[in-house]
Amino acid sequence: MLAMLAISSAAAIADLPAPAGLEFRAVRIGSGFGATTLHHVRFDPKTHTFAVMDNPDGDFSLGTAAQKRGAVAAVNGGYFHPDRTPLGLVVRQGATLHSLERARLLSGLVVVTRKGISMPRATAFRPTPDIREALQAGPFLIESGKPVSGLNATRSAARTVVVADSAGRFGFVVCRSATLAGMAAILADAQNFPGGKITRALNLDGGSSTGLWVREERPFYLREFKNVRNYLAIVAR
């Protein structure tokens with residue numbers, strides 16, 4: 001039986017089965033027709049890290065790519081053109097697959113080095129030979145624990161977000177329908193994320209690209225609607 005903990009009149013959290021070293025939760029916000037459910041995966045960077053999985057020809061679904069990589073969880077990755085050319089910086093296992101781009105949408109990055117994980121602004125990013133994995137995306141939804149101003153509040157879509165919390169953990173949050181401003185408000189509410197307030201959140205490609213896979217004997221799979229150019233996985237260090 002799943003453990004259910006009521007956090008407030010507006011939210012409830014259910015712990016879901018997950019591989020060792022991961023926390024996996026469903027967070028239900030609101031009720032009735034206005035309700036939405038988030039799925040939140042988080043990990044300690046001492047034991048796990050992020051890894052980019054490239055899919056240039058569209059041969060692999062998220063689930064297939066994650067199993068081939070030996071991932072414990074994975075989501076869709078960054079933006080890409082109709083011809084599958086990536087938008088923004090993509091680094092996989094130390095090799096640069098696409099260079100950094102300066103664009104308002106591509107405001108941040110997920111970067112993995114031997115020292116750990118960071119989520120810098122694109123304007124502050126400086127490439128180094130130590131970078132093992134990197135993915136550029138945006139916009140930022142949360143910085144310093146607060147929603148970023150100016151986010152769209154009218155267009156709802158599926159959302160995939162990379163997050164860091166006040167306990168030093170990283171992870172994913174996936175939602176099937178939210179505006180960017182609404183997603184930021186949900187992420188900023190500490191009641192929705194007990195044990196670690198979200199301090200930084202970067203939006204990845206969403207909409208029909210959104211998917212979440214978590215390894216178990218019978219994997220949890222919120223299936224994407226199209227095979228995307230790249231995926232972002234959680235792997236053991």
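For the single chain, residues carry numbers from 1 onward in sequence order.
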How close do Ser177 and Ser156 get, counting heavy atoms only, and between which atoms? OG-CB, 3.8 Å
Of the options Gln136, Met119, Glu143, which is the one that meets Leu202 in a side-chain contact (heavy atoms from CB on, under 4.5 Å)? Met119
What distance do Ile142 atom CD1 and Leu151 atom CG have between them, rounded to the nearest 0.5 Å? 8.5 Å
Criterion side-chain contact (heavy atoms from CB on, under 4.5 Å) on Glu224 and Asn76, from CA distance to verdict: CA-CA 8 Å; Glu224 70 282 10; Asn76 57 290; 5.7 Å; no
Taking NZ, NE, NH1 and NH2 as the nitrogens, is one of them in Glu133 or Arg92 under 4.0 Å from a carboxylate oxygen of the other? no
Answer whether the closest heavy-atom distance between the side chains of Val163 and Arg42 falls below 4.5 Å. no
Work out which heavy atom in Leu62 is nearest to a heavy atom in Tyr231; give both atom names and the distance. N-OH, 3.3 Å
Path from Ile13 to Phe24 over hydrophobic side-chain contacts below 4.5 Å: yes
Does this structure show an ion pair linking Arg25 with Asp15, if we count only N-O contacts that are shorter than 4.0 Å? yes
With a 3.5 Å distance limit and no angle check, can you tell me whether Arg169 reaches the backbone of Glu23 through a side-chain donor-acceptor pair? no
Give the cluster check for Val111 versus Phe43: same hydrophobic cluster or not, with ILVMFWY residues linked at side-chain heavy-atom distances below 4.5 Å. no
Ignoring hydrogens, what is the shortest heavy-atom contact between Gly168 and Pro45? Give both atom names and the distance. O-CD, 3.2 Å
Is there a path of hydrophobic side-chain contacts, each under 4.5 Å between heavy atoms of I/L/V/M/F/W/Y residues, joining Leu212 to Ile198? yes
Answer yes or no: is there an ion pair linking Asp130 with Lys115, defined by an N-O contact shorter than 4.0 Å? no
Measuring from atom CZ of Arg114 to atom CZ of Arg132, what distance do you get when rounded to the nearest 0.5 angstrom? 5.0 Å
Evaluate the side-chain proximity of Leu89 to Val91: yes if any heavy-atom separation is below 4.5 Å, no if none is. yes
Got a sec: does the CZ of Arg102 have more than 12 other heavy atoms crowding it under 6.0 Å? yes
Considering only NZ, NE, NH1 and NH2 on the basic side and carboxylate oxygens on the acidic side, decide whether Arg229 and Asp54 come within less than 4.0 Å. yes
CG/Leu204 to CZ/Phe172 distance, rounded to the nearest 0.5 angstrom? 8.0 Å
Worked verdict on Leu100 versus Leu109 for side-chain contact (heavy atoms from CB on, under 4.5 Å): CA-CA 10 Å; Leu100 186 79; Leu109 302 102; 3.8 Å; yes
Going by the angle between their ring planes, with limits at 30° and 60°, are Phe220 and His39 parallel, tilted or perpendicular? tilted
Give the intermediate values and the outcome of side-chain contact (heavy atoms from CB on, under 4.5 Å) for residues Phe125 and Ile131. CA-CA 11 Å; Phe125 172 75; Ile131 294 173; 3.5 Å; yes
Taking Thr179 for the side chain and Gly182 for the main chain, is one N or O donor matched with an acceptor at less than 3.5 Å? yes
Residue pair Val162 / Leu232: nearest heavy atoms and the distance that separates them: CG2-CD2, 3.8 Å
Are any side-chain N or O atoms of Thr49 and backbone N or O atoms of Arg237, one a donor and one an acceptor, separated by less than 3.5 Å? no
Please round to the nearest 0.5 Å and tell me the distance separating atom CG of Asn230 and atom CG of Asn55. 8.5 Å
Is a side-chain N or O of Ser107 found less than 3.5 angstrom from the main chain of Phe140, in a donor-acceptor match? yes
Judged by atom type as modelled, is there a donor-acceptor pair below 3.5 Å linking the side chain of His40 to the main-chain atoms of Val173? no
Non-hydrogen side-chain atoms of Glu216 and Pro19 separated by less than 4.5 Å: yes
Ala188 backbone acceptor or donor facing Lys197 side chain under 3.5 Å: yes
Gap separating the CZ atom of Phe193 from the CG atom of Leu187, nearest 0.5 angstrom: 5.0 Å
For a side-chain contact (heavy atoms from CB on, under 4.5 Å) check, start with the C-alpha distance between Arg215 and Leu22, then their side-chain angles and the critical distance, and finish with the verdict. CA-CA 10 Å; Arg215 189 176 73 194; Leu22 257 61; over 6 Å; no
Among Val174, Thr210, Leu180, the one residue meeting side-chain contact (heavy atoms from CB on, under 4.5 Å) with Arg159: Leu180
Nearest heavy-atom pair of Ala73 and Val41: which atoms, and what distance? CB-CG1, 4.2 Å
What's the shortest heavy-atom distance between Asn227 and Gly58, and which atoms? ND2-O, 3.2 Å
Is Leu135 linked to Phe80 within one hydrophobic cluster, defined over Ile, Leu, Val, Met, Phe, Trp and Tyr using a side-chain heavy-atom separation of less than 4.5 Å? no
Atom CG in Asn203, atom OG1 in Thr160: separation rounded to 0.5 Å? 7.5 Å
Compare all side-chain heavy atoms of Arg84 with those of Asp57 and state whether any distance is below 4.5 angstrom. no
Tyr221 and Val228: same hydrophobic cluster, using ILVMFWY side-chain contacts below 4.5 Å? yes
Between Thr37 and Cys175, is there a side-chain heavy-atom distance shorter than 4.5 Å? no
